[in-house]
Novice: 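Please read through the structure below; I'll follow up with questions.
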Amino acid sequence: MSTIFSKIINREIPAEIVYENEDILAFRDIRPQAPVHILIIPKIMIAKITDLNGAEHGEILAKMFDAVNIIAKNEGIAESGFRTVFNCGSDGGQEVFHLHLHLLGGRKMNWPPG
Ligand code: AMP
């Protein structure tokens with residue numbers, strides 16, 4: 001199943017890409033919920049990891065978090081702090097079924113989340 005994120009990976013639609021390596025692509029969320037709001041995705045659309053339930057590939061998750069560390073530094077939020085979120089499924093508020101990690105920062109986050 002292809003999603004809007006596949007189109008971003010294939011450069012079929014534009015996105016503001018902030019980081020890329022062999023396995024990972026990261027770009028600014030089109031509807032930012034914080035001054036810094038970046039989506040970090042695996043470049044391959046592994047059928048089994050459309051969401052966190054299927055994310056049995058620890059290796060790709062580790063690579064996603066490696067990217068978080070790099071991007072947080074680049075965006076200047078490593079020191080002030082940030083939040084990472086995986087929305088999973090309907091109750092989790094997931095809209096796009098290609099595994100993605102939200103990196104949010106640049107303001108104080110609220111808790112509990114809505
Ligand atoms: P989620 O609700 O966790 O599935 O998050 C999907 C995110 O993708 C939302 O925050 C959307 O704003 C974002 N999004 C959807 N389409 C695009 C796009 N074309 N470029 C960047 N972000 C997008």
Side-chain angles (χ1 to χ4, degrees):
M1 189 183 65
S2 151
T3 71
I4 191 99
F5 291 173
S6 307
K7 291 194 168 72
I8 291 175
I9 293 166
N10 295 329
R11 306 310 203 257
E12 289 164 16
I13 61 167
E16 195 183 335
I17 293 166
V18 297
Y19 178 77
E20 182 171 20
N21 66 26
E22 196 184 347
D23 306 296
I24 300 293
L25 189 68
F27 51 91
R28 294 195 194 281
D29 196 294
I30 206 164
R31 281 178 277 138
Q33 303 302 314
V36 176
H37 187 173
I38 290 164
L39 300 173
I40 295 153
I41 68 173
K43 276 190 185 172
I44 40 169
M45 172 61 174
I46 305 170
K48 283 187 169 178
I49 54 169
T50 54
D51 66 32
L52 199 56
N53 275 323
E56 56 199 32
H57 301 273
E59 198 182 329
I60 198 70
L61 292 172
K63 287 176 177 174
M64 291 168 82
F65 280 104
D66 284 345
V68 164
N69 284 326
I70 294 166
I71 297 163
K73 281 196 194 92
N74 290 348
E75 295 289 323
I77 57 171
E79 297 300 321
S80 51
F82 53 83
R83 181 169 292 170
T84 54
V85 176
F86 279 106
N87 291 328
C88 184
S90 169
D91 278 2
Q94 185 174 4
E95 290 174 0
V96 179
F97 285 85
H98 179 126
L99 186 69
H100 57 278
L101 179 56
H102 296 255
L103 169 62
L104 298 138
R107 68 168 170 84
K108 193 152 184 68
M109 297 295 148
N110 301 313
W111 193 263

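Bear in mind that the values here come from a model prediction, so they are computed numbers and not experimental data. Indexing begins at 1, ligand by ligand and atom by atom, following the structure's order.
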Novice: Quick one: do Arg28 and Glu75 make a salt bridge, cutoff under 4.0 Å?
Specialist: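 Yes, charged N to carboxylate O under 4.0 Å.
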Novice: Starting from atom 4 (O) of ligand 1, find the nearest protein heavy-atom neighbour and note its residue, name and distance.
Specialist: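 Here the closest protein heavy atom is Glu95 N, 2.6 Å.
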Novice: In this structure, does ligand 1 have an atom that sits under 4.0 Å from one of the heavy atoms of Val85?
Specialist: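 It does not, in that no heavy atom of Val85 comes within the 4.0 Å cut-off of ligand 1.
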Novice: What residue and atom, counting heavy atoms only, is the protein's closest point to atom 10 (O) of ligand 1, and at what distance?
Specialist: Asp29 OD2, 2.5 Å
Novice: Can you tell me how far NZ of Lys43 sits from CD1 of Ile41, rounded to the nearest 0.5 angstrom?
Specialist: 9.5 Å
Novice: Is Asp91 atom CG crowded by more than 12 heavy atoms from other residues, nucleotides or ligands, each under 6.0 Å away?
Specialist: no
Novice: Report, in ascending order of atom number, the atoms of ligand 1 lying under 4.0 Å from any heavy atom of Val96.
Specialist: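 Near Val96, the atoms of ligand 1 are 4 (O), 6 (C).
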Novice: Identify, for atom 1 (P) of ligand 1, the protein heavy atom at the shortest distance, and state residue, atom and that distance.
Specialist: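 In this structure, atom 1 (P) of ligand 1 has His100 NE2, 3.1 Å as its nearest protein heavy atom.
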Novice: Counting only heavy atoms, which portion of Phe97 has something under 4.0 Å from ligand 1: side chain, backbone, both, or neither?
Specialist: neither
Novice: Between Leu39 and ligand 1, does any nitrogen or oxygen pair lie at a separation below 3.5 Å?
Specialist: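 Between Leu39 and ligand 1, no N or O pair is found under 3.5 Å apart.
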Novice: With heavy atoms of Phe27 as the reference, note each atom of ligand 1 found under 4.0 Å away.
Specialist: 21 (C)
Novice: Kindly give the heavy-atom pair with the smallest separation between Gly106 and Pro35, and that separation in Å.
Specialist: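 Minimum heavy-atom contact is O-CG, 3.4 Å.
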Novice: Measuring centre to centre across the rings, with the benzene-like ring taken for any Trp, is His102 within less than 6.0 Å of His100?
Specialist: yes
Novice: Within the structure provided, determine whether Phe5 and Leu99 are in side-chain contact (heavy-atom separation under 4.5 Å).
Specialist: no
Novice: May I ask you to check whether His102 has an N/O atom sitting below 3.5 Å from an N/O atom of ligand 1?
Specialist: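 Yes, His102 has an N/O under 3.5 Å of an N/O on ligand 1.
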Novice: Mark up the atoms of ligand 1 that fall under 4.0 Å of a heavy atom belonging to Arg31, in ascending order.
Specialist: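 Those atoms are 11 (C), 12 (O).
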Novice: According to a 4.5 Å side-chain heavy-atom criterion applied to Ile, Leu, Val, Met, Phe, Trp and Tyr, with indirect links allowed, do Val36 and Phe65 form part of one hydrophobic cluster?
Specialist: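 In one cluster: yes.
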Novice: Measure across Arg83 and Asn110 and return the closest heavy-atom pair with its distance rounded to 0.1 Å.
Specialist: NH1-O, 2.9 Å
Novice: I'd like to know whether ligand 1 has Phe5 as a neighbour, heavy-atom separation below 4.0 Å.
Specialist: yes
Novice: Pairs of nitrogen or oxygen atoms closer than 3.5 Å, one from Ile30 and one from ligand 1: do any exist?
Specialist: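 N/O-N/O distance under 3.5 Å: yes.
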Novice: Can you measure from CD1 (Ile60) to CD1 (Ile24) and round to the nearest 0.5 angstrom?
Specialist: 4.5 Å
Novice: Within the 4.0 Å heavy-atom shell around Arg28, which atoms of ligand 1 are there?
Specialist: 21 (C)
Novice: Quick one: does Gly93 get a heavy atom under 4.0 Å from ligand 1?
Specialist: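 It does; at least one heavy atom falls under 4.0 Å.
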Novice: Is Ile13 in polar range of ligand 1, meaning some N or O pair under 3.5 Å apart?
Specialist: no
Novice: Which ligand 1 atoms does Asn87 reach within 4.0 Å, using its non-hydrogen atoms?
Specialist: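 Answer, ordered by atom number: 1 (P), 2 (O), 3 (O).
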Novice: Report yes if some N/O of Gln94 lies less than 3.5 Å from some N/O of ligand 1; otherwise report no.
Specialist: no
Novice: To the nearest 0.5 Å, what is the distance between CD1 on Ile17 and CZ on Arg11?
Specialist: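 Going from the CD1 atom of Ile17 to the CZ atom of Arg11 covers 3.5 Å.
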Novice: Kindly indicate whether the side chain of Ile38, heavy atoms from C-beta on, has any atom under 4.5 Å from the side chain of Phe82.
Specialist: no
